[in-house]
Amino acid sequence: MKIIKPSFTILNEIAPNDMLKNIEIYGRICYKSEGSITDTSADRFIRRIIASGHESVIEHEKLTVKIICDRGVTHELVRHRIASYSQESTRYCNYSKDKFGNELTFIMPSFWEENTAEYKKWVQTMQIIENTYNEMTSLGVTPEQARTILPNSLKTEIIVTMNLREWRHFFKLRTSPKAHPQMREIAIPMLKEFQERLPTIFSDIEIN
Ligand SMILES: Cc1cc2nc3c(=O)[nH]c(=O)nc-3n(C[C@H](O)[C@H](O)[C@H](O)COP(=O)(O)OP(=O)(O)OC[C@H]3O[C@@H](n4cnc5c(N)ncnc54)[C@H](O)[C@@H]3O)c2cc1C
């Protein structure tokens, strides 16, 4: 049994300036103000259209992220409908095989310290699940049948593509203190990285 922390990687080779220049070109069609485009005009133009609520313009550009987290988090993530997803399949992956180290991988819950009774009980339960999963598959049970005993804590990998408007919507909902702590554990650092790379689009979103 392996226990890991969640993580994410932005997969686009982001050329933030190209992205912003494209958005400006597309948006200025609305006002026929293409003549106002300069080397530095995109930032101000885009901040203004976002502030005015004219956010459909930023839908023209997208970002793709690989997220490693637990299946409880991805169950919430995939509720966001204006997105594309490709996720590790518990039907096709047989974790008893050498390829997976013959073991299950779980995501460490963010809310328990390692020496607490709660954490120890969680580890004990994950171990029982792993033992049972391996026993079942060695009896000939298929992965798509054996997955019925897998928990929310199972590690999963998911590729998520959203346009910039949907990412903004996602971050507003999923960095909020009302969001699940394990969702926030991913969404907050991800928003910080987005803000660093594309401040024009994301810097106005506050993290509470
Ligand atoms: C704190 C929190 C608690 C939650 N608790 C629960 C829960 O207990 N149970 C539960 O089932 N879900 C729960 N959810 C999930 C929530 O209901 C949404 O399904 C999820 O957040 C996806 O966001 P969204 O619906 O805004 O839109 P997205 O799918 O991200 O779409 C973006 C926007 O597009 C528009 N849109 C998309 N589809 C439609 C449509 N069909 N009709 C009209 N407009 C549309 C809406 O304006 C929407 O906001 C929770 C979410 C949060 C953040």
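Just follow the structure's listing: the first ligand is 1, and inside any ligand the first atom is 1.
Atom 16 (C) of ligand 1 is never approached by the protein to below 4.0 angstrom, counting heavy atoms only. Distance check for atom 52 (C) of ligand 1: a protein heavy atom is found below 4.0 Å. Proximity of atom 37 (C) of ligand 1 to the protein is indicated by at least one non-hydrogen atom lying closer than 4.0 angstrom. For atom 20 (C) of ligand 1, the nearest protein heavy atom lies closer than 4.0 Å. Inside a 4.0 Å radius of atom 8 (O) of ligand 1 there is not any protein heavy atom. Protein non-hydrogen atoms do reach within 4.0 Å of atom 12 (N) of ligand 1. Distance remark: protein heavy atom present below 4.0 angstrom from atom 27 (O) of ligand 1. Remark: atom 24 (P) of ligand 1 lies closer than 4.0 Å to at least one protein heavy atom.
The pair Glu196-Lys192 does not meet the salt-bridge criterion, since no charged nitrogen lies less than 4.0 angstrom from a carboxylate oxygen. Under 4.0 Å is where a charged nitrogen must lie from a carboxylate oxygen, and between Lys32 and Glu34 at least one such pair does. A salt bridge links Asp204 with Arg168: the closest approach of a Lys/Arg side-chain nitrogen to an acidic carboxylate oxygen falls below 4.0 angstrom. Remark: Lys5 does not engage Glu185 in a salt bridge, criterion side-chain N to carboxylate O under 4.0 Å. In summary, Glu166 and Arg81 do not engage in a salt bridge, as defined by a charged side-chain N under 4.0 Å from a carboxylate O.
The nearest non-hydrogen atom to atom 50 (C) of ligand 1, considering only Glu76, Arg79, Arg174, comes from Arg174.
Proximity of His169 to ligand 1, defined as any heavy-atom pair under 4.0 Å, is confined to the side chain (atoms from C-beta onward).
What sits closest to atom 45 (C) of ligand 1 on the protein, heavy atoms only, is Arg81 NH2, 4.3 Å. In this structure, atom 35 (C) of ligand 1 lies nearest to the protein heavy atom Ile82 CD1, 4.6 Å. Closest to atom 31 (O) of ligand 1, if we only count protein heavy atoms, is Glu166 OE2, 3.7 Å. Counting protein heavy atoms only, atom 1 (C) of ligand 1 is closest to Lys178 O, 3.4 Å.
No more than 12 heavy atoms of other residues, nucleotides or ligands lie within 6.0 Å of NZ in Lys121, so this atom counts as exposed by the packing criterion. Enclosure of atom CZ in Arg44 is not indicated, since only 12 or fewer non-hydrogen atoms of other residues, nucleotides or ligands lie within 6.0 angstrom.
Residue pairs meeting the side chain to side chain donor-acceptor pair (under 3.5 Å) criterion with at least one partner in residues 18-29, sequence neighbours excluded, are Asn22-Glu61, Glu24-Arg28, Glu24-Ser41, Arg28-Ser33.
The backbone N or O of Ser96 sits nowhere less than 3.5 Å from a side-chain atom of Tyr133 that would complete a donor-acceptor pair.
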